[in-house]
Student: 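Below is a structure I'd like to ask you about.
These numbers were taken from a predicted model, which means no experiment stands behind them. Counting starts at 1 for both ligands and their atoms, in listed order.
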Amino acid sequence: MTTQATTPRDSPAAPPALPPARGPLSEDVLAALAGSGTRLPAADAVRRSDPYGDDLQLLLYVLYELHYRGFAGVDERLEWDPALLGVRAAAEDVFLDALRRGAGQGGKNVAEAVDELQLEPVGDDGHSVSHHLRREGELWQLREYAAVRSLYHLKEADPHLWVVPRLRGRAKAGMVAVEFDEFGAGRAENVHAQLFADLMTDLGLDARYGRYLEAAPAQALAVVNMMSLFGLHRRLRGALVGHFATVEITSPPGSRRLAEALRRVGAGPAAQRFYDEHVEADAVHEQVVRHEVIGGLLEDEPGLAADIVLGIEATGHLEDLLGDHLLAAWREGRSALRTPLKP
Ligand SMILES: [Fe+2]
Ligand SMILES: [Fe+2]
């Protein structure tokens with residue numbers, strides 16, 4: 001049974017269309033998903049590809065998306081197709097190796113890595129998108145930023161749920177407490193993904209799920225692919241927790257700057273609400289994640305310390321790459337997207 005058979009096309013639950021390919025590897029995979037081709041990339045070709053390039057990142061993104069909402073016209077059974085899972089595994093090896101290299105060999109312990117996240121630089125270090133947007137961001141840059149971030153925020157907190165069955169005790173209770181808030185604490189209108197959709201509408205963007213996949217640069221796909229990678233593999237549960245901690249701990253100051261930026265350009269109340277909400281909620285979440293989730297996991301499985309640090313450092317690494325990409329384009333006055341937004 002395919003998705004199209006069960007979901008009306010105009011329903012908000014309708015899956016997005018498949019995006020266009022970005023190279024030979026993603027081309028073969030997309031053809032397989034569409035049912036128009038049977039050739040899949042050889043593991044060798046995947047291993048030789050650029051880990052952060054458009055082709056490999058899109059390949060990973062579309063294969064991971066089968067575990068979320070899928071795509072229109074794609075057979076739902078392909079989620080567990082052994083040949084596609086084999087291609088994904090080869091791509092994940094390439095990606096994870098690059099993340100390990102990017103995360104560095106700092107040899108930090110968990111407390112040091114978390115402390116560094118909390119030691120927010122007061123000024124702009126030249127890499128920070130939120131500093132730039134607060135200080136001098138223009139409306140078109142905020143719209144591009146929202147379009148890029150929509151890949152994650154429209155499925156906010158979803159990839160982190162996969163870790164729950166792999167935890168116990170304090171780590172599990174803390175994780176679920178934070179996720180409960182992310183999913184609106186029982187109220188659909190307060191689900192963070194919905195708040196982000198409202199922000200997009202306020203900014204004149206199309207808030208449908210997956211709408212900006214085609215426009216998003218590889219650096220933006222990589223950030224979301226990392227969450228899916230860490231979330232889907234039990235062996236990477238420590239990295240998922242480290243990643244989640246990074247998101248929650250760095251969110252309040254970054255969200256404060258983005259709320260200011262939106263106020264400055266005169267965006268509507270829904271646009272501001274998303275970030276205002278995160279300033280408040282994440283101040284609590286960061287404490288729960290640090291003391292209960294990380295603390296509880298380390299108490300249970302002290303051997304995961306290096307993986308928690310990996311999750312923290314890899315997140316910083318990919319966020320730097322994305323920030324550099326966005327700022328380089330904006331400083332030259334050009335779009336950071338693959339296809340510029342319509343005004
Ligand atoms: Fe959130
Ligand atoms: Fe949060």
Student: So if I apply the side chain to side chain donor-acceptor pair (under 3.5 Å) rule between His285 and each of His278, Glu182, Arg290, Glu280, which one comes out positive?
Tutor: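 Looking at His278, Glu182, Arg290, Glu280, the match for His285 under the side chain to side chain donor-acceptor pair (under 3.5 Å) is Glu182.
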Student: Between Phe244 and Trp162, does the ring centroid distance fall short of 6.0 Å?
Tutor: no
Student: Under the side chain to side chain donor-acceptor pair (under 3.5 Å) rule, what pairs show up with a residue in residues 139-151, not counting sequence neighbours?
Tutor: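 Every pair satisfying side chain to side chain donor-acceptor pair (under 3.5 Å) with a residue in residues 139-151: His132-Gln141, Glu138-Trp140, Glu144-Trp330, Glu144-Ser335, Tyr145-Arg149, Arg149-Glu319.
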Student: Closest to the Fe ion (ligand 2), which N/O/S atom of Glu248 is it?
Tutor: OE1
Student: Name all pairs fulfilling the side chain to side chain donor-acceptor pair (under 3.5 Å) condition that reach into residues 78-87, sequence neighbours left out, sorted by first residue then second.
Tutor: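 Only His67-Glu79 qualify under side chain to side chain donor-acceptor pair (under 3.5 Å).
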Student: Sort and list the pairs that fulfil ring pair (Phe, Tyr, Trp, His ring centres under 6.0 Å) and have at least one residue in residues 252-272, not counting sequence neighbours.
Tutor: none
Student: Could you enumerate the protein N, O or S atoms under 2.8 Å from the Fe ion (ligand 1), written like residue then atom name?
Tutor: Glu156 OE2, Glu182 OE1, His192 ND1, His278 NE2
Student: Could you tell me how the ring of Phe274 sits relative to the ring of His192: parallel (under 30°), tilted (30 to 60°) or perpendicular (over 60°)?
Tutor: perpendicular
